[in-house]
Colleague: 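What follows is a structure written as structure tokens; I'll ask about it next.
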Number of protein chains: 2
Amino acid sequence: MVTIKRKQSEAVFRAIADPTRREILGLLRGGGRTVGTVAANFRTSRPAISKHIRLLRSAGLVTTRKSGTARICQLNGKPLRAVNKWLRDYEAFWDENLRKLKQYVEENP
Amino acid sequence: MVTIKRKQSEAVFRAIADPTRREILGLLRGGGRTVGTVAANFRTSRPAISKHIRLLRSAGLVTTRKSGTARICQLNGKPLRAVNKWLRDYEAFWDENLRKLKQYVEENP
DNA sequence: CTTTATCGTAACCATACGGTTACCAATAAT
DNA sequence: ATTATTGGTAACCGTATGGTTACGATAAAG
């Protein structure tokens, strides 16, 4: 199970590495959209977008449901928790105040 | 300038996509280390690690300084702010409470 | 000065990635 | 029944990625 989770988080990091996929996620923040509607926002071909969506789906970031011939994509943000969790360990390395507070606490037992 | 920043953040997302590079960053959280010391933690060859470090450096996540023949790597977390900033827009999509609060606020003007 | 340790880089290789075009399946519309 | 809409997937292509080995540069040690 730990292995599965690790693989999942692995997929998420890879999924958000691509700017087009991040843009797709951004679009879906505005609500569910069909694949075609999503694709219309890009210059690239629909099959290319379709492949991106497939990858996002396998990373758990997007779910789809059929509606007639259309297929509606929905954002699922939960897997992003893994990224957020990972980031927390680095917060002290970009937040100067937090870094100094941490240092203070460590140096004054 | 905006373009530069965008490219930088782009590089950061790419950089953290690789598990080996994330592990390197994790090691560096424990303080500065030489390239060789970092490489010793992996099965892959030193040149491979060296290339990862080069990429991390170009993303601004690692800085290096020479000390004799050695080269000491240091973590720089600041570029991770971009990832954190990006993530904030999705917080409502994994935090159920936040999502509901947002919904309440929007529905009760 | 010669030797050793540390590291970067070039050259090369297999595979993954992101894109395209062509085609097919399924449902809706006529 | 026929046609149009929607979208998934296969086949292919150029490039990026991550790895290796071989070599060279540089500073410390002898």
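All values reported here derive from a predicted model rather than from experimental measurement. In the text below, chain A, chain B and the rest are named by the order of the sequence lines, each starting its count at 1.
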Colleague: Which donor-acceptor pairs under 3.5 Å do the side chains of residues 54-66 of chain B make with protein atoms, sequence neighbours left out?
Modeller:
{"unit_1": "Arg57(B)", "atom_1": "NH1", "unit_2": "Thr64(B)", "atom_2": "OG1", "d": "3.2"}
{"unit_1": "Ser58(B)", "atom_1": "OG", "unit_2": "Leu55(B)", "atom_2": "O", "d": "2.9"}

Colleague: With sequence neighbours excluded, what pairs up with Arg71(A) under the side-chain hydrogen bond (donor to acceptor under 3.5 Å, both in side chains) test?
Modeller: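 None.
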
Colleague: Using a heavy-atom cut-off of 4.0 Å to chain A, what are the terminal contacting nucleotides of DNA chain C, in 5' to 3' order?
Modeller: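 Endpoints of the contacted stretch of DNA chain C: dC17(C) to dA28(C).
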
Colleague: Could you check if a side-chain atom of Arg14(B) sits within less than 4.5 angstrom of a side-chain atom of Pro19(A), using non-hydrogen atoms only?
Modeller: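 Counting from C-beta outward, Arg14(B) and Pro19(A) do come under 4.5 Å.
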
Colleague: Say whether Ile72(B) and Phe93(A) are linked into one hydrophobic cluster, either directly or through other cluster members, by side-chain heavy-atom distances under 4.5 angstrom.
Modeller: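 Different clusters.
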
Colleague: In the structure I gave you, are the side-chain heavy atoms of Trp94(A) and Leu87(A) within less than 4.5 Å of one another anywhere?
Modeller: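 They are in side-chain contact.
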
Colleague: If I compare all heavy atoms of Glu10(B) with all of Ala17(A), which pair ends up nearest, and what's the gap?
Modeller: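 Where Glu10(B) meets Ala17(A) most closely, the heavy atoms are OE2-O, 3.8 Å.
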
Colleague: Check DNA chain D against residues 53-70 of chain A and give the residues with a non-hydrogen atom under 4.0 Å, in numerical order.
Modeller: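 Per residue number, the list reads Arg54(A), Thr69(A), Ala70(A).
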
Colleague: Does anyone know the first and last nucleotide of DNA chain D in reach of chain A, 5' to 3', at under 4.0 angstrom to a heavy atom?
Modeller: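 So the contact region on DNA chain D extends dT5(D) to dT9(D).
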
Colleague: Between Thr20(B) and Phe42(B), is any pair of side-chain heavy atoms under 4.5 Å apart?
Modeller: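 Sidechains of Phe42(B) and Thr20(B): in contact.
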
Colleague: Is any side-chain heavy atom of Ile16(A) closer than 4.5 Å to a side-chain heavy atom of Arg21(A)?
Modeller: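 The answer is no; the side chains never approach within 4.5 Å.
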
Colleague: Which salt bridge (charged side-chain N to carboxylate O under 4.0 Å, His left out) pairs, counting each pair once, include a residue from residues 25-35 of chain A, with sequence neighbours left out?
Modeller: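 Listed by first then second residue: Arg29(A)-Asp89(B).
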
Colleague: If the condition is side-chain hydrogen bond (donor to acceptor under 3.5 Å, both in side chains), which residues does Arg81(A) pass it with, not counting sequence neighbours?
Modeller: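 Not a single residue meets the side-chain hydrogen bond (donor to acceptor under 3.5 Å, both in side chains) criterion with Arg81(A).
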
Colleague: If the condition is side-chain hydrogen bond (donor to acceptor under 3.5 Å, both in side chains), which residues does Asn84(B) pass it with, not counting sequence neighbours?
Modeller: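 Once residues adjacent in sequence are excluded, the partners of Asn84(B) under the side-chain hydrogen bond (donor to acceptor under 3.5 Å, both in side chains) criterion are Arg88(A), Arg88(B).
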
Colleague: Looking only at non-hydrogen atoms, find the nearest pair between Cys73(A) and Val35(A) and report the distance.
Modeller: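 That would be SG-CG2, 3.8 Å.
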
Colleague: Among all residues two or more places apart in sequence or in another chain, which pass the ring pair (Phe, Tyr, Trp, His ring centres under 6.0 Å) test with Trp86(B)?
Modeller: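 With neighbours one apart ignored, the set is Phe13(B), Tyr90(B).
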
Colleague: Which residues, if any, of residues 37-52 of chain B bring a heavy atom under 4.0 Å of DNA chain C?
Modeller: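 Under 4.0 Å from DNA chain C: Arg46(B), Pro47(B), Ser50(B).
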
Colleague: Tell me which pairs pass side-chain hydrogen bond (donor to acceptor under 3.5 Å, both in side chains) where either residue lies in residues 36-50 of chain A, with sequence neighbours left out.
Modeller: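 Of all non-adjacent pairs touching residues 36-50 of chain A, those that pass side-chain hydrogen bond (donor to acceptor under 3.5 Å, both in side chains) are Thr34(A)-Thr37(A).
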
Colleague: Is there a side-chain contact between Leu28(A) and Val38(A) (heavy atoms, below 4.5 Å)?
Modeller: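 Yes, close enough: below the 4.5 Å cut-off.
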
Colleague: Of all of residues 21-33 of chain A, which get a heavy atom below 4.0 angstrom from DNA chain C, listed by number?
Modeller: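 The answer is Arg21(A).
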
